[in-house]
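Structure first, commentary second.
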Amino acid sequence: MSTNGQLLHDLIQALHRPDDLSKQREVFGIAVHLLTELTSSHNVSILASQLLQAPTILSWDSAGTPITVPLVQCFRAAAMNKAREDNPQVTALRMPHWLDALKKGIRGCPADKQLAALCGIYCGLQITGSGSRQLRNAEEAFCVTLNLVLTTNEANESTASAVLYCMSQSLPHLSEHGKRVITWDSLLSVSVRGLYYSGSALGNGDFMKQTIGDTQVVDGRVHWPTTSRSFERISALTKMPFYLGMGPYANVAASAAARCYDSRSIISALVVIDAFTSSLRKAWENSPFSKVHHILEKEHFSEETTMSTTPLLWHVLKRISFATSIILHAAISNFILSSATRNKAESLRMASFVVQIMHNLYFITARIGGDTVATYDFTFRVALDIICQHPGEADKLLTEMAPSVQPKTIYHPINMSTSLFFLNMSEHLAPVIPPLLFKEIVFPVAEAYMKTPVEVPCRPLFEAAHSVVLALIMAPQMKEMASEVVVGYAQNTLTAFPGHISPRQLSLAFATLVQATAQPAPLYAKHPELSEHVLDLLLQRAAVAHIGGCPLRLDDGGMVDEKSACLLAYAECLPHVAPENMIRRLELLAGEVGKLAGEERRRLVDKLWHVIACELDVAKSELAVYWWHSFGGKDKTFIEERANL
């Protein structure tokens with residue numbers, strides 16, 4: 001018996017007796033050699049068949065370590081070796097006959113094992129640049145087998161794992177023809193269930209639930225030891241091939257979502273993701289980690305918890321968040337690109353699920369700053385744009401997601417996270433929020449966080465609360481309700497300045513208020529005095545503001561004192577002042593500017609002339625120039641700094 005013949009005999013014997021996982025690398029190494037070197041097509045078929053269904057292979061697959069990965073690697077290496085050595089003068093078994101022998105051998109084997117073998121063969125041929133005919137045949141065989149697996153084994157967990165891995169390896173190589181053959185709707189269902197519910201993957205988020213029973217309080221601090229079963233499970237998860245390949249697997253699901261033809265398939269996938277993320281959020285809220293803001297963790301967690309266990313947990317949660325964002329982005333992009341064929345009910349349901357899923361994962365997003373990522377921001381805004389077209393759904397979402405505003409709970413980390421998401425959502429939905437809903441649900445939440453923040457973690461909420469109130473004041477349907485909050489909002493803003501509001505934020509807030517209350521805004525018709533009252537409040541603050549003292553930084557890097565910042569904000573409001581009030585407002589501004597000197601006065605002069613030249617309309621600009629030259633404006637205030645004007 002030849003050397004290869006003896007090796008084949010020994011390998012088949014090994015595949016039929018119980019063995020441990022430590023021999024796996026050795027077995028597949030020998031298999032690669034034999035698949036490449038065997039000269040008998042019959043022997044190649046036998047070996048291929050044994051590799052996919054021998055008892056040892058099946059026992060390895062059921063031992064918690066998916067066999068798909070080594071199978072793909074084995075057949076890929078064999079195909080690459082065979083393609084490089086395929087020489088008619090040297091090779092007894094040419095490539096076409098070798099491929100036929102492999103296909104014959106794997107026929108009748110378990111479908112997921114067939115898929116792994118064909119994936120390896122296709123990727124190996126693609127990498128080595130084999131002949132186009134062989135490549136097309138290999139791609140066609142892979143795609144046909146994939147569709148067969150998708151349609152007959154949709155609920156099988158091991159099959160879902162195999163599909164995800166095989167598609168993650170082959171997707172970058174597939175031709176457009178191959179992509180057209182695949183049934184993407186079925187692939188989306190299988191890949192999403194495999195990604196979120198497979199025991200070898202995220203397993204329905206059970207790892208988060210398990211941490212609850214393993215934490216304890218030691219010396220007044222939360223302690224989660226590295227020796228706990230829950231941490232060992234998470235540590236093992238991060239070493240698994242499925243977890244390490246979560247990015248490519250998410251890309252598979254995203255590609256399927258982007259190419260689905262049936263909107264019901266996308267919505268069904270979103271239902272699955274929503275169920276997973278909802279379960280994960282509830283488990284988080286029940287854990288002791290959710291009771292402490294991440295900025296304060298060092299004060300409330302043990303050193304081991306802070307340095308070892310929770311960082312690994314957040315690594316897993318961050319991957320889940322990013323993977324989900326990729327899928328949601330693809331799903332919503334599909335709806336946008338095919339909007340002509342989608343009915344409004346489907347689009348609305350899809351957008352509602354997207355927002356709900358983002359809400360579920362916001363405890364992760366807020367911590368890692370994921371809401372600043374372009375993909376996340378695009379998905380969030382597009383979903384809310386769709387919901388804006390259906391005001392009834394916007395009301396429903398806001399009502400369901402409204403957080404508690406009880407004094408005892410507003411500073412709880414869970415409530416702060418949900419409130420921040422709620423405020424960001426409300427700002428975008430401001431054009432369609434009914435006045436009553438604003439008064440009863442939105443404004444109480446904003447008002448709770450609009451006061452001077454008591455702790456650093458409240459800063460984002462403070463800014464979001466101010467933003468949502470400004471957006472709602474500007475909304476046309478809010479003209480009656482806005483009149484009740486404008487003055488109070490202006491006073492709150494001045495109270496927060498300069499400790500918690502920057503000069504730029506002060507300017508933006510008051511310019512927006514004056515614009516919302518001046519002509520031709522709807523609010524002006526019933527309350528023409530509001531804009532003047534807002535300007536008076538700002539001028540009164542400027543009159544008593546400190547000159548000098550602690551400098552405040554501007555966007556351009558310059559530094560100003562408190563009084564100059566108020567006057568710069570006042571100047572920004574001038575474009576919205578009525579023509580009949582322009583000269584009087586300039587006179588009042590001049591009276592305060594005259595109290596400044598040096599660089600502070602020069603900065604105000606530059607700002608005023610920028611407003612006059614670039615921001616005022618023609619009529620107001622003419623009045624300002626008249627005031628400057630003929631009404632004594634230059635002589636009263638700026639002659640020292642603008643003698644050449």
Side-chain angles (χ1 to χ4, degrees), residues 202-239 277-321 359-371 402-423 445 448-465 496 499-500:
L202 299 178
N204 194 23
D206 290 336
F207 65 90
M208 187 73 243
K209 301 173 186 175
Q210 195 173 352
T211 63
I212 299 173
D214 286 343
T215 55
Q216 50 192 299
V217 178
V218 178
D219 296 330
R221 293 171 177 249
V222 175
H223 181 59
W224 180 31
T226 54
T227 55
S228 62
R229 291 183 61 186
S230 56
F231 180 77
E232 290 175 352
R233 177 177 179 179
I234 293 174
S235 182
L237 170 65
T238 60
K239 297 180 178 67
T277 55
S278 178
S279 175
L280 186 67
R281 176 174 62 86
K282 290 175 183 176
W284 167 258
E285 291 176 352
N286 290 328
S287 75
F289 309 123
S290 66
K291 311 299 188 291
V292 180
H293 196 281
H294 68 90
I295 295 177
L296 308 173
E297 284 180 352
K298 288 186 178 180
E299 302 173 17
H300 298 276
F301 291 173
S302 68
E303 183 177 356
E304 184 178 12
T305 305
T306 304
M307 303 301 295
S308 301
T309 50
T310 53
L312 192 63
L313 172 63
W314 279 108
H315 191 273
V316 174
L317 294 174
K318 181 168 67 173
R319 282 209 172 197
I320 292 173
S321 176
H359 176 252
N360 291 337
L361 293 179
Y362 199 70
F363 74 94
I364 308 172
T365 308
R367 180 185 178 108
I368 65 177
D371 48 356
S404 169
V405 290
Q406 296 298 321
K408 293 182 179 180
T409 61
I410 60 171
Y411 294 119
H412 190 286
I414 294 176
N415 205 72
M416 290 170 65
S417 173
T418 56
S419 295
L420 185 56
F421 185 88
F422 176 81
L423 291 171
V445 179
Y449 297 102
M450 205 161 51
K451 301 169 185 177
T452 303
V454 295
E455 295 177 351
V456 174
C458 300
R459 177 92 190 178
L461 279 160
F462 173 74
E463 294 178 350
H500 302 281

Who pairs with T238 by side chain to side chain donor-acceptor pair (under 3.5 Å), at least two apart in sequence or on another chain?
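In terms of side chain to side chain donor-acceptor pair (under 3.5 Å), with neighbours along the sequence ignored, T238 is linked to no residue.
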
Can you tell me if [X] uses its side chain to pair, donor with acceptor, with the backbone of [Y] under 3.5 Å?
| X | Y | result |
| --- | --- | --- |
| E297 | T306 | no |
| T211 | S230 | no |
| T409 | H412 | no |
| S228 | D214 | no |

Could you grab the distance from atom [atom1] of [X] to atom [atom2] of [Y], nearest 0.5 Å is fine?
| X | Y | atom1 | atom2 | result |
| --- | --- | --- | --- | --- |
| I368 | L361 | CD1 | CG | 9.5 Å |
| F231 | T226 | CZ | OG1 | 6.0 Å |
| T277 | Y362 | OG1 | OH | 15.5 Å |
| H359 | F422 | NE2 | CZ | 9.5 Å |
| R459 | H500 | CZ | NE2 | 7.5 Å |

Taking the side chain as every heavy atom from C-beta outward, state whether [X] and [Y] have any atom pair closer than 4.5 Å.
| X | Y | result |
| --- | --- | --- |
| L280 | N360 | no |
| M208 | L313 | yes |
| S235 | L312 | yes |
| R221 | T305 | no |
| F289 | F301 | yes |

Would you list the atom pairs, donor with acceptor, under 3.5 Å between side chains in residues 314-321 and any protein atom, with sequence neighbours excluded?
residue, atom, partner, partner atom, Å
H315, ND1, Y243, OH, 2.7
R319, NH1, Y243, O, 2.7

Distance-only check: which donor-acceptor pairs under 3.5 Å involve side-chain atoms of residues 413-421, not counting sequence neighbours?
residue, atom, partner, partner atom, Å
N415, OD1, S404, N, 3.3
N415, ND2, S404, O, 2.9
N415, ND2, Y449, OH, 3.2
T418, OG1, I414, O, 3.2
T418, OG1, N415, O, 3.0
S419, OG, N415, O, 2.6
S419, OG, Y449, OH, 3.3

Are there more than 12 heavy atoms of other residues, nucleotides or ligands under 6.0 Å from atom NZ of K291?
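Above 12, so yes.
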
